[in-house]
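The next block holds one structure in the form of structure tokens; read it before the comments.
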Amino acid sequence: MVLDSKFFDRCAEKVAYDLIGSRLNWRSGDKSYSRIITETEAYTGPDDLASHAAKGRTKRNEPMFGPPGIFYVYFVYGAHWMLNIVTGPVEFPAAVLIRGIAGIQGPGRVTKALSINGNLNRKLVTKKTGVWFSKPSGPMKHKVSRSSRVGIAYAGPIGSMRPYRFTLDLK
DNA sequence: ACGATGATGAAC
DNA sequence: TTCATCATCGTA
């Protein structure tokens, strides 16, 4: 089943957890591709010191304040595009970063593999857009691990501590 | 372990 | 307009 705005209209932490084991789908030309999501991170609101939203509303983070189910794509380190999906509720700045899918580890590598760039920013997550998420309707049998987030030392010891990184546990 | 690389946000 | 910083990655 394709994940719609309703799925993303929940807190980022839950969405990030549920996305593990779900599928990231994309279209390239006339072909479609699909891979299991293996790593995500939640950025949970204005009080989350690791989040861009901790600085308030800016031109860059504007999409985070938008409706759940739109993409937040931004450029870092002069080299890499980061793929995020905004979570609910509307006007509450939160999002989930896609850090890895099967066979591709690292947020910059994911966007590179999918040829994702700023063009996707603010777009709604639908099949029509060309990048979407899906999940089997039955129960999934996998284990999810939690840990602290990567590359956010600027958030300080307290902000960095939150276990908002989710990974698929290979048994 | 470290430099590349350019947009971003805050300061001046 | 300048400056430090950055939700990273490839190379060493």
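All values derive from a computational prediction rather than experimental measurement. Reminder, nothing fancy here: chain letters follow the sequence lines and each chain counts from 1.
The outermost nucleotides of DNA chain B lying under 4.0 Å from heavy atoms of chain A, listed 5' to 3', are dT5(B) to dA10(B).
Shown here is Glu62(A), whose CD atom has more than 12 heavy atoms of other residues, nucleotides or ligands within 6.0 Å.
Remark: Asn121(A) pairs with no residue by the side-chain hydrogen bond (donor to acceptor under 3.5 Å, both in side chains) rule, at least two apart or across chains. Annotation: ring-ring contact (aromatic ring centres under 6.0 Å, His included) contacts of Phe133(A) (sequence neighbours excluded): Phe8(A). Looking at residues two or more places apart in sequence or on another chain, you find a side-chain hydrogen bond (donor to acceptor under 3.5 Å, both in side chains) between Glu39(A) and Arg99(A), Arg165(A). Listed by chain and number, the residues in a side-chain hydrogen bond (donor to acceptor under 3.5 Å, both in side chains) with Asp4(A) amount to none (sequence neighbours excluded).
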Please determine whether side-chain contact (heavy atoms from CB on, under 4.5 Å) holds for the pair Leu19(A) and Phe7(A), giving the CA-CA distance in whole Å, both sets of side-chain angles, and the decisive distance to 0.1 Å. CA-CA 10 Å; Leu19(A) 279 179; Phe7(A) 174 88; 3.8 Å; yes
Return the polar atom pairs (N/O with N/O) between nucleotides 4-7 of chain C and the protein under 3.5 Å, or none.
residue	atom	partner	partner atom	Å
dA7(C)	OP1	His52(A)	NE2	2.7
dA7(C)	OP2	Tyr154(A)	OH	2.9
dA7(C)	N9	Tyr74(A)	OH	3.0
dA7(C)	N7	His52(A)	NE2	2.8
dA7(C)	N1	Asn84(A)	OD1	2.7
dA7(C)	N3	Tyr74(A)	OH	3.3

Protein and nucleotides 10-12 of chain C: nitrogen or oxygen contacts under 3.5 angstrom:
residue	atom	partner	partner atom	Å
dG10(C)	OP2	Arg109(A)	NE	2.8
dG10(C)	OP2	Arg109(A)	NH2	2.5

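Leu120(A) places none of its side-chain heavy atoms less than 4.5 Å from the side chain of Thr111(A).
Taken from CG in Leu97(A) to OG in Ser51(A), the straight-line distance is 11.0 Å, to the nearest 0.5 Å.
Within the structure, ring-ring contact (aromatic ring centres under 6.0 Å, His included) pairs that include any residue of residues 89-124 of chain A do not occur (at least two apart or interchain). Applying the side chain to side chain donor-acceptor pair (under 3.5 Å) test to residues at least two apart or on different chains, the pairs with a partner in residues 66-90 of chain A are His52(A)-Tyr72(A).
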Only pairs under 3.5 Å count here: list side-chain donor-acceptor contacts from residues 154-164 of chain A, not counting sequence neighbours, and write none if there are none.
residue	atom	partner	partner atom	Å
Tyr154(A)	OH	Ala50(A)	O	2.7
Ser160(A)	OG	Ile152(A)	O	3.4
Ser160(A)	OG	Gly156(A)	O	2.5
Arg162(A)	NH1	Thr44(A)	OG1	3.4

For residues 26-33 of chain A, dump all side-chain donor-acceptor pairs below 3.5 Å to protein atoms at least two apart in sequence or in another chain.
residue	atom	partner	partner atom	Å
Arg27(A)	NH1	Lys127(A)	O	3.2
Arg27(A)	NH2	Lys128(A)	O	3.4

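In DNA chain B, runs of at least 3 stacked Watson-Crick or G-U pairs (N1-N3 plus N6-O4 or O6-N4, or N1-O2 plus O6-N3, all under 3.5 Å) give these stems: B:1-4 with C:8-11, B:6-11 with C:1-6.
To the nearest angstrom, P of dC9(C) lies 13 Å from CG of Leu83(A).
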